[in-house]
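Remember, it's a predicted structure, so these values are computed and weren't measured experimentally.
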Amino acid sequence: MAVERTLSIIKPGAVARNLIGKIITRFEEEGLRIIAVRMIHLTEAQAKSFYAVHRERPFFGELVAYMMESPILALVLEGENAIARNRELMGATDPSKAMPGTIRGDFAVSVTRNTVHGSDSTETAAAEIAFFFSQADLFPRAS
């Protein structure tokens with residue numbers, strides 16, 4: 001198994017509902033190590049840039065507006081197969097299809113307001129991490 005890094009975002013609705021601690025606890029209990037964290041209130045330009053891959057989709061405007069509602073918490077998680085493990089913890093994008101015990105299954109309100117974001121590949125993770133963090137922001141790997 002490979003040690004990977006992935007980006008996770010605790011979205012505005014979860015931040016506003018004071019779910020940060022509950023969500024972080026799930027990452028840590030799964031053995032994922034938080035190596036960087038940043039709270040930021042995204043501008044429209046930042047939200048549009050981060051979600052540019054969805055620009056042509058009908059939900060793009062709603063997603064951008066949601067991501068600007070209040071601060072987000074961006075985290076870099078590290079661990080064995082961190083990308084797949086984080087995606088399992090998050091659950092399906094549609095909370096009505098997410099299993100109970102997953103973050104989205106337990107906390108998400110709707111598809112757009114789905115509580116968390118997570119990278120879907122090593123390439124995406126590298127780009128998404130670089131969007132929010134410099135290399136100097138990342139704690140070194142544990143020995």
Side-chain angles (χ1 to χ4, degrees), residues 2-141:
V3 173
E4 297 174 330
R5 291 179 174 174
T6 189
L7 182 82
S8 180
I9 295 175
I10 301 177
K11 294 184 177 182
V15 172
R17 290 170 42 219
N18 206 30
L19 297 172
I20 292 171
K22 290 178 181 179
I23 293 170
I24 286 176
T25 296
R26 292 187 184 202
F27 296 145
E28 292 179 332
E29 287 176 348
E30 180 61 26
L32 295 171
R33 184 170 172 248
I34 297 168
I35 63 165
V37 63
R38 179 178 182 205
M39 184 173 270
I40 181 173
H41 199 149
L42 294 176
T43 65
E44 182 175 7
Q46 288 170 320
K48 283 181 173 179
S49 177
F50 186 79
Y51 283 108
V53 67
H54 298 303
R55 182 172 281 123
E56 301 304 320
R57 300 234 171 124
F59 59 81
F60 181 70
E62 184 181 359
L63 176 60
V64 168
Y66 173 52
M67 294 302 291
M68 295 172 15
E69 278 182 14
S70 69
I72 63 160
L73 193 72
L75 306 105
V76 179
L77 306 175
E78 182 180 78
E80 295 287 330
N81 296 312
I83 295 167
R85 288 170 61 201
N86 183 42
R87 294 189 70 77
E88 276 183 41
L89 280 171
M90 289 190 307
T93 304
D94 182 345
S96 69
K97 296 177 182 169
M99 298 294 296
T102 64
I103 295 168
R104 290 173 175 156
D106 292 348
F107 303 125
V109 176
S110 68
V111 173
T112 304
R113 303 177 74 81
N114 67 15
T115 312
V116 288
H117 165 90
S119 305
D120 62 4
S121 69
T122 54
E123 295 80 14
T124 303
E128 290 181 345
I129 290 167
F131 187 90
F132 290 103
F133 301 97
S134 72
Q135 280 298 316
D137 296 325
L138 307 176
F139 285 101
R141 285 193 165 105

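In this structure, M67 and I9 have side chains that are in contact, with non-hydrogen atoms separated by less than 4.5 Å. Between Q46 and I40, some side-chain heavy-atom pair lies under the 4.5 Å cut-off. When side chains are defined from C-beta on, I10 does not count as touching F107, because their heavy atoms never get closer than 4.5 Å. Using a 4.5 Å heavy-atom threshold, the side chains of R85 and L77 count as separate. Between L75 and I24 there is a side-chain heavy-atom pair separated by less than 4.5 Å. The side-chain heavy atoms of K22 and D106, taken from C-beta on, include no pair separated by under 4.5 Å.
The ring-ring contact (aromatic ring centres under 6.0 Å, His included) search around F132 returns F50, not counting sequence neighbours. Every residue was checked against the ring-ring contact (aromatic ring centres under 6.0 Å, His included) condition with H41, not counting sequence neighbours, and none meets it. Listed by chain and number, the residues in a side chain to side chain contact (heavy atoms under 4.5 Å, CB included) with M39 are V15, I20, P71, L73 (sequence neighbours excluded).
Considering OG of S8 and CD1 of I129, their distance stands at 10.5 Å, rounded to 0.5 Å. Atoms CZ and CG, from R26 and L89 in turn, are 8.0 Å apart once rounded to the nearest 0.5 Å. Atom CD1 in I83 sits 6.5 Å away from atom OG in S119 (nearest 0.5 Å). Put simply, CG on D120 and CZ on R87 are 5.0 Å apart, with the number rounded to the nearest 0.5 Å. A distance of 8.0 Å separates OG1 in T115 from NZ in K11, rounded to the nearest 0.5 Å. Going from atom CZ of R57 over to atom CZ of F60 covers 11.5 Å, rounded to the nearest 0.5 Å.
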Next item on the list: Please lay out, stage by stage, how N114 and Y66 fare under the test side-chain contact (heavy atoms from CB on, under 4.5 Å).
Entry: CA-CA 10 Å; N114 67 15; Y66 173 52; 5.6 Å; no
Next item on the list: Evaluate the side-chain contact (heavy atoms from CB on, under 4.5 Å) criterion for residues L138 and R5: first the C-alpha distance (whole Å), next the side-chain angles of each, then the deciding distance (0.1 Å), finally the verdict.
Entry: CA-CA 10 Å; L138 307 176; R5 291 179 174 174; 3.4 Å; yes
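Between Y51 and H117, the ring-plane angle classifies as perpendicular under the 30° and 60° cut-offs.
Counted within 6.0 Å of CD on E62, heavy atoms from surrounding residues, nucleotides or ligands total 12 or fewer; the atom is thus considered open.
Closest heavy-atom contact between T6 and A125: CA-CB, 4.0 Å. Contact between G91 and R104 at its shortest, heavy atoms only, is O-NH1, 3.0 Å. The two residues F133 and A74 make their nearest non-hydrogen contact at CZ-O, 3.5 Å. Residue V3 comes nearest to E80 through the heavy atom pair CG2-OE2, 3.2 Å, listed as atom of the first residue, atom of the second, then distance. Taking each heavy atom of T122 and E4 in turn, the nearest pair found is CG2-OE2, 3.8 Å. Contact detail for M68 and L42: the closest heavy-atom pair is CG-O, 3.7 Å.
Using modelled atom types, no side-chain atom of R113 and backbone atom of P12 make a donor-acceptor pair closer than 3.5 Å.
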